[in-house]
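One structure is given below, encoded as structure tokens.
All chains are named by letter (A, B, ...) in the order of the sequence lines, taking the proteins before the strands, and each is independently numbered beginning at 1.
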2 protein chains.
Amino acid sequence: MPNTPALNKRDWIAGLEKGLRIIEAFSDTHPRLTASTAARRTGITRTATRRYLRTLEHLGYVESDGQYFWLTPRVLRLGWSYFDSAKIPRAVQPHLQRISLTLGGTAYFAVLDEDDVIFVSKDGSNKIQNIGYVLGSRVPANICSAGIAMLSCRTPDEIDTWLSKRKLVPYTAYTTTTEEGIREHINNARQKGYAILEQQMSQRVRGIAVPIRTREGHLTGAISVSLPMGNETSEAAVLRALPLLREAEYALLATF
Amino acid sequence: MPNTPALNKRDWIAGLEKGLRIIEAFSDTHPRLTASTAARRTGITRTATRRYLRTLEHLGYVESDGQYFWLTPRVLRLGWSYFDSAKIPRAVQPHLQRISLTLGGTAYFAVLDEDDVIFVSKDGSNKIQNIGYVLGSRVPANICSAGIAMLSCRTPDEIDTWLSKRKLVPYTAYTTTTEEGIREHINNARQKGYAILEQQMSQRVRGIAVPIRTREGHLTGAISVSLPMGNETSEAAVLRALPLLREAEYALLATF
DNA sequence: TTTCTTCTGCGCGATAATCGCGCACCAAAG
DNA sequence: CTTTGGTGCGCGATTATCGCGCAGAAGAAA
């Protein structure tokens, strides 16, 4: 938790915050926005919103037909700055490769942002799920093994606040939607050092994950693998997958 | 080319531009920046840079130990806003899946941003290359088949200006570094409707790509597939890959 | 046709947000 | 002990930003 380090109010650049808010106002339900709708979505006045959008347009981050505005792939530069500068996503790639090839599923490296899981790196053809997580996707931490693995590294207090903020919505008929259920998942993961979740997000899919820490014990993320459930028992799957995950865990421990 | 639509200078939000410039100042060679170094890299004064960084920190986009600043995965939200709002990256995914599974390589969907290629969607385990393109990567258009495929849709004038801006640096011993060579690639691609490039970026790797257009003929991107060269001839590879690529091309044509 | 509504586009005057100088301070290196 | 390179911050100047308010366009409804 990067607790806010006391910000002098003179050090606050309002314009930057608004601009970023406007970029984030675009989403799948609102892929194209007029200046007015963007204003409503962000709570900024229409005139100001328009000025920001036009600035973004001039910078190449959005395009416009005069009426509507939409994001261009250039905004990926911003995210790319992260991929580029964070060593972990790259260091982790060969491990994901080995895991996905050996186990025949899809391997991910995920991190926590606020209360959601973000999938940062991925390897493996997603033949099992018709979609799988797209890179950069953000999902609630409670419905993927990586999320549970990372939550299991937090203090009980932090988990309490997490639970209080979170609405538990079911994705499949098997999704755990009770607080106690989630707590049990987390406790299991803490005890065993890995998380296993089944059919929480998609039917017939099982996820197994281990948290990744620095040598100082600071949590940096989690490696997870999605496997089709087939006829394999949970135990067999763990037996098969865990050694590989652990190996990656230790290897990454050594490099940071 | 989204030509700048005459920006009233009062509609220019300087703060937003600076903030984004600072985010982009982080890179693999400079993953962690002090306020001073960030200032030097962006050309903004140190004091201002520091204020922007602290604002970003407060917003959760960067973290800091007091001295150094580094990006957090939250910046992925910005890129994600694009993935989320652009329908193409998602519509394209099932096709990439089929291509990578059938051909045994890695399939990409790429777009042009300015003069570079950005890889927007990807499917397939990259067993052939030890890295492959990471999602969001940006590479010069002349060294990947997707880039040539997209350039082949441009007017001769545009290609001229592209060539004049671009310095042709070799990545492998086989990289084409002459203007005529590039023009030949482009012309071939325009003629045949697909691009094929060999060992331009990595040894023993071949790329085949087709441009993707809307029904109105507007270029939206390209689908490409990276294949290990093995003992397969170029002709055999094209014969094998092209039908799948074409199929995806037509399918996507129909949906937009 | 008229009348609403909803959008853009822009000028303007007010003001508060942003700027960068300049100084104190700290730590590491020579 | 000096130099170098960094942070942190107060302050006064200024200019960048704000949002009101109006004109105009485009569409929908009556």
Rounded to whole Å, CD of Glu57(B) lies from P of dT7(D) at a distance of 13 Å

When the distance from CG of Leu33(B) to P of dG5(D) is rounded to whole Å, what number comes out? 17 Å

Under 6.0 Å from the CZ atom of Arg166(A), do we count more than 12 heavy atoms belonging to anything else shown? yes

Strictly under 3.5 Å: I want the nitrogen or oxygen pairs between protein and nucleotides 19-26 of chain C, one per line.
unit_1: dC19(C); atom_1: OP1; unit_2: Lys18(B); atom_2: NZ; d: 2.6
unit_1: dC19(C); atom_1: OP1; unit_2: Tyr52(B); atom_2: OH; d: 3.3
unit_1: dG20(C); atom_1: OP2; unit_2: Thr45(B); atom_2: OG1; d: 2.6
unit_1: dG20(C); atom_1: N7; unit_2: Arg51(B); atom_2: NH2; d: 2.6
unit_1: dG20(C); atom_1: O6; unit_2: Arg51(B); atom_2: NH1; d: 3.3

Is the backbone N or O of Ala25(B) less than 3.5 Å from a side-chain atom of Arg41(B), with the two atoms forming a donor-acceptor pair by type? yes

Separation of dT7(D) atom C1' from Leu53(B) atom CG, nearest Å, is 13 Å

End-to-end axis angle, where each axis spans five pairs of the helix from dT1(C)-dA30(D) to dG30(C)-dC1(D), to 10°: 40°

Spacing between Arg41(A) atom CZ and dC7(C) atom C1', to the nearest angstrom: 18 Å

Taking the side chain from Arg74(B) and the backbone from Glu114(A), do they hold a donor-acceptor pair closer than 3.5 Å? no

Nearest-Å distance for atom pair CG/P, residues Asp65(B) and dG6(D): 14 Å

Find the distance Trp12(B):CH2 to dT18(C):P and express it as a whole number of Å. 16 Å

Look at the side chain of Arg21(B) and the backbone N and O of Thr42(B), then say whether any donor-acceptor pair between them is shorter than 3.5 Å. yes

Between Gln93(A) and Lys122(A) (side chain of the first, backbone of the second, donor and acceptor by atom type, cut-off under 3.5 Å), is there such a pair? yes

Pick the nucleotide of DNA chain C nearest each of Leu16(A) and Thr34(A); which residue has the one closer to the 5' end? Thr34(A)

So, Glu158(B) side chain and Thr155(B) main chain: donor-acceptor pair closer than 3.5 Å or not? yes

Option among Leu76(B), Leu71(B), Leu20(B) that satisfies the side-chain contact (heavy atoms from CB on, under 4.5 Å) test with Leu78(A): Leu20(B)

Restricting to non-hydrogen atoms, name the atom on Ile99(A) and the atom on Ile223(A) that form the minimum distance, rounded to 0.1 Å. CD1-CG2, 3.9 Å

Arg50(A) side-chain proximity, nearest of dT7(D), dC7(C), dC10(C): dC10(C)

Let me know the distance between CG of Asp11(A) and C1' of dT18(C), rounded to the nearest Å. 11 Å

State, without any angle test, whether Thr37(B) and Thr34(B) hold a side-chain donor-acceptor pair at a distance under 3.5 Å. yes

Expressed as a whole number of angstroms, how long is the span from Arg40(B):CZ to dT4(D):P? 14 Å

